[in-house]
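To keep things clear, I will list the structure first and then write my remarks on it.
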Amino acid sequence: MTLKIYNTLTRAKEPFVPLEEGKVGMYVCGITAYDVCHIGHARSAVVFDVIYRYFKYRGFAVTYVKNFTDVDDKIIERARREGVDIAEIAARYIRKHNEDMDALGLVRPTVTPRATDNIKGMIRLVERLLEKGLAYTVDGDVFYSVERFEGYGKLSGRLLDEMMAGARIEVDTKKRNPYDFVLWKSAKEGEPWWESPWGRGRPGWHIECSVMSQRYLGETFDIHGGGEDLIFPHHENEIAQSEGATGKPFARYWIHNGFVKINSEKMSKSLGNIFTVQDVLKQFHPEVVRLFILQTHYRSIIDFSEEALKEARSALERVYATLLAVDERIGGKDEFDEMTEQNLSGRHKDFFHRLQALQGRFVEAMDDDFNTARAIGYIFETLRQMNVYLDETAGDGSSRHLFVLYRARSIFHQLGKVLGLFLEDPVEYFRRERARELQKRNIDSDVIEGLIEERARARAERDWSRADEIRESLREKGILLKDGPGGTTWMIQ
RNA sequence: GGCGGCAUAGCCAAGUGGCCAAGGCAGCGGUCUGCAAAACCGUUAUUCCCCGGUUCGAAUCCGGGUGCCGCCUCCA
């Protein structure tokens, strides 16, 4: 089976053939550290996290590089406003970024380089571009001359001539072509600077990615990723810089994730509809957020709303409810060495085969341009079969039955590990979710317990109207009671 | 103006030439229950925006139309 990837560069799904067999080099544009991460960052991060995990699942040795931009106009602006050093701003938002990403259950990349640790490399690259006549200097600024690079526009699929026709372009008399971009920017008074052959200044936006990708992955590498908004101009410019300097192909496969909309509107500061990762994670379990993201193909637009998150939560709860049932059935037993498929028959064997089929279908879906939506569909299909199997085998304590359940659980964990889902202990999952909901609603569990006791007394006296009254009053607060043989338990809707 | 994307059930969303058009949410029916809820099971699109065309056969390819959206400016 071949893994296929949609390559923005060719606008087609292509079989993935790594540069070096069994290895993948992957560079993803990280954040500019000037503000907290929002749900759009979360989507991109989760998507590439899953791609990273899937490559590893498929047995590749992956080098995953994700950079931090820690010098930039927006950082400088923020530092000025707060009256602190840019390093402080960058450090603060890198820290917050890491907290958010850890909370979302992301695997840390192999390397997370920072722009300011690579200034020398950037200067060398700019010098190389000047030597090749692809760049020019004006008053301490260095610009890339897009007209001198033949392939300019190949990633975004636009031609310089066409763009010039209608675009709004700021008048910058220093540039020879409006689409020339700055490689090195001279420092104004009060701005951070580094010494360079062109005087004190700082790097332009795009140059860091050319330098850091090359440093960790080589001049040509397998995969470059980021949000679709980065296609132009950022990634286009990276190609111009890197290929212009080396004369070799830059990234071979370009992967771009789609945008997040908020309640059907574009997320933007002016609309004030930016949801930060922190806010969302206060409301929802990280796996709910991941499931929400991964239920849509990564290249499609996804519409974020509280409603959509709630739907994802309902779906995730079903998985944990089943895993809980499986855990309860299995108990602590985990020795099934003597069991094999040959010991199975009937419905045990049938379900066992379905489990094995799931693995194959999962890989087939993921191989098709990381189709997590389809893969998750297969998982839910198997989940239903698992519930049927659990029903049919109620009361069965045989070791062949427990063996099948044990395998089911481990397959769910194995596939879940690729998606970053279903990894919590089910008991712990429900405990945490209940606590989260109580806190959100500011309800004290002692009060609930008290009412339940009162209702238990009423029920013992067959005072159904009083019992129903209590149930109803709790239901109004979103507390649902469940009467079971061991007493009454409750949950939050 | 240029480039590109999308349109599939009440909602979300897979599917890009051929088994009954995945899956999730919601709804409905059932199991269970003092009644419920939760959970579970079952069920919900003769049809894939419209009109033509290609084909033995199309949601899937081609042409036209309509609607929505993104990028071209910092942006994941």
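Just so it is clear, the structure is predicted and the values come from calculations on it, not from any experiment. Letters go in sequence order (proteins before strands), and every chain restarts at 1.
Nearest to the side-chain atoms of A/Arg384 among the listed nucleotides B/G23, B/C71, B/U16 stands B/G23. Taking the side chain of A/Asp229 as heavy atoms from C-beta on, and the options B/A13, B/C25, B/A76, the nearest nucleotide is B/A76. The nucleotide whose nearest atom lies closest to any side-chain atom of A/Met267 is, among B/G23, B/A76, B/A13, B/A76. Closest contact between the side chain of A/Ala467 and the listed nucleotides B/A76, B/G34, B/A13 involves B/G34. The side chain of A/Arg158 lies closest to B/C72, out of B/C25, B/G15, B/C72. Counting only heavy atoms from C-beta on, A/Tyr179 has its side chain closest to B/U73 among B/C41, B/U73, B/A13.
Comparing B/A58 with B/C68, their P atoms sit 30 Å apart, to the nearest whole Å. Nucleotides B/C25 and B/C72 have their C1' atoms positioned 37 Å apart, rounded to a whole Å. Between B/U54 and B/G4, the two C1' atoms lie 26 Å apart (nearest whole Å). Rounded to a whole angstrom, the distance from the C1' atom of B/U44 to that of B/C56 is 33 Å. Rounded to whole Å, the separation between the P atoms of B/C28 and B/A37 comes to 10 Å. Nucleotides B/C12 and B/C35 are separated by 38 Å at their P atoms, to the nearest Å. If you take atom P in B/U16 and the same atom in B/C6, they sit 12 Å apart, rounded to whole Å. Here the separation of B/G27 from B/U33, taken at their C1' atoms, is 22 Å to the nearest Å.
Using a cut-off of 4.0 Å between Lys/Arg side-chain N and Asp/Glu carboxylate O, A/Arg455 and A/Glu469 are scored as not salt-bridged. Using a 4.0 Å cut-off between charged nitrogen and carboxylate oxygen, A/Arg457 and A/Asp463 do not count as a salt-bridge pair. A salt bridge is absent between A/Glu265 and A/Lys261; no separation between the charged side-chain nitrogens and carboxylate oxygens falls under 4.0 Å. Between A/Lys96 and A/Asp35, none of the side-chain N atoms (NZ, or NE/NH1/NH2) sits under 4.0 Å from a carboxylate O, so this pair counts as no salt bridge. Comment: A/Glu433 engages A/Arg436 in a salt bridge, judged by a side-chain N to carboxylate O separation of less than 4.0 angstrom. Residues A/Lys310 and A/Glu317 are not paired through a salt bridge, judged by the lack of any N-O separation under 4.0 Å between the basic side chain and the carboxylate. Checked for salt-bridge contact, A/Glu287 and A/Arg290 miss the test: no charged N lies under 4.0 Å from a carboxylate O. Salt bridge status for A/Lys13 with A/Asp368: present, with a side-chain N to carboxylate O gap under 4.0 Å. Residues A/Glu428 and A/Arg432 are not paired through a salt bridge, judged by the lack of any N-O separation under 4.0 Å between the basic side chain and the carboxylate. A salt bridge links A/Arg202 with A/Asp73: the closest approach of a Lys/Arg side-chain nitrogen to an acidic carboxylate oxygen falls below 4.0 angstrom.
Residue contacts shown for A/Arg459 include a base, since a base heavy atom lies under 4.0 Å away. The residue A/Gly40 sits close to a base: some heavy atom pair falls under 4.0 Å. Among the protein residues, A/Arg455 comes within range of the nucleic acid bases, having at least one heavy atom under 4.0 Å from a base atom. Backbone-only contact: A/His297 has heavy atoms under 4.0 Å from sugar-phosphate atoms and none from a base. Heavy atoms of A/Phe259 sit under 4.0 angstrom from at least one base atom. Nucleic acid contact for A/Val260: base, since at least one base atom lies under 4.0 Å from a heavy atom of the residue. Among the atoms of the strands shown, only primed sugar atoms or phosphate atoms (P, OP1, OP2) are found under 4.0 Å from some heavy atom of A/Leu230.
Between the side chains of A/Ser156 and A/Glu236, a donor-acceptor pair is found at a separation under 3.5 Å.
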Can you list the steps and then say if A/Phe284 with A/Phe292 is a ring-ring contact (aromatic ring centres under 6.0 Å, His included)? CA-CA 11 Å; A/Phe284 295 98; A/Phe292 162 71; 9.2 Å; no

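For A/Arg43 against B/A76, a side-chain-to-base donor-acceptor contact under 3.5 Å is absent. Donor-acceptor pairing under 3.5 Å, judged by distance alone, is present between the side chain of A/Asp468 and the base of B/G34.
Atoms CG (A/Asp180) and P (B/C72) sit 18 Å apart, rounded to a whole Å. Atom pair A/Phe48:CZ and B/A76:P shows a separation of 13 Å (rounding to whole Å applied). At whole-Å resolution of the value, CD1 in A/Ile293 and P in B/A14 are 14 Å apart. In this structure, the CG atom of A/Asp369 is 11 Å from the P atom of B/U16, given to the nearest Å.
Remark: RNA chain B forms stems of 3 or more consecutive Watson-Crick or G-U wobble pairs, all pair distances under 3.5 Å, at B:1-7 with B:66-72, B:10-12 with B:23-25, B:27-31 with B:39-43, B:49-53 with B:61-65.
Regarding contacts with the backbone of B/C71, a side-chain N or O of A/Lys266 is found under 4.0 angstrom from either OP1 or OP2.
RNA chain B is contacted by A/Asn387, A/Val388, A/Asp391 of residues 385-396 of chain A, taking any non-hydrogen atom closer than 4.0 Å. Contacts between residues 298-314 of chain A and RNA chain B, counted as heavy-atom distances below 4.0 Å, involve A/Ser300, A/Ile301, A/Glu311, A/Ser314.
The six-membered or imidazole ring of A/Tyr27 lies near that of A/His224, with a centre-to-centre distance under 6.0 Å.
A/Tyr298 pairs in a side chain to side chain contact (heavy atoms under 4.5 Å, CB included) with only one of the listed residues (A/Val50, A/Asp369, A/Val46), which is A/Asp369.
Summary of the strand contacts: A/Val319 and A/Ala373 both lie near RNA chain B, and taking for each the nucleotide with the nearest heavy atom, the more 5' one is attributed to A/Ala373.
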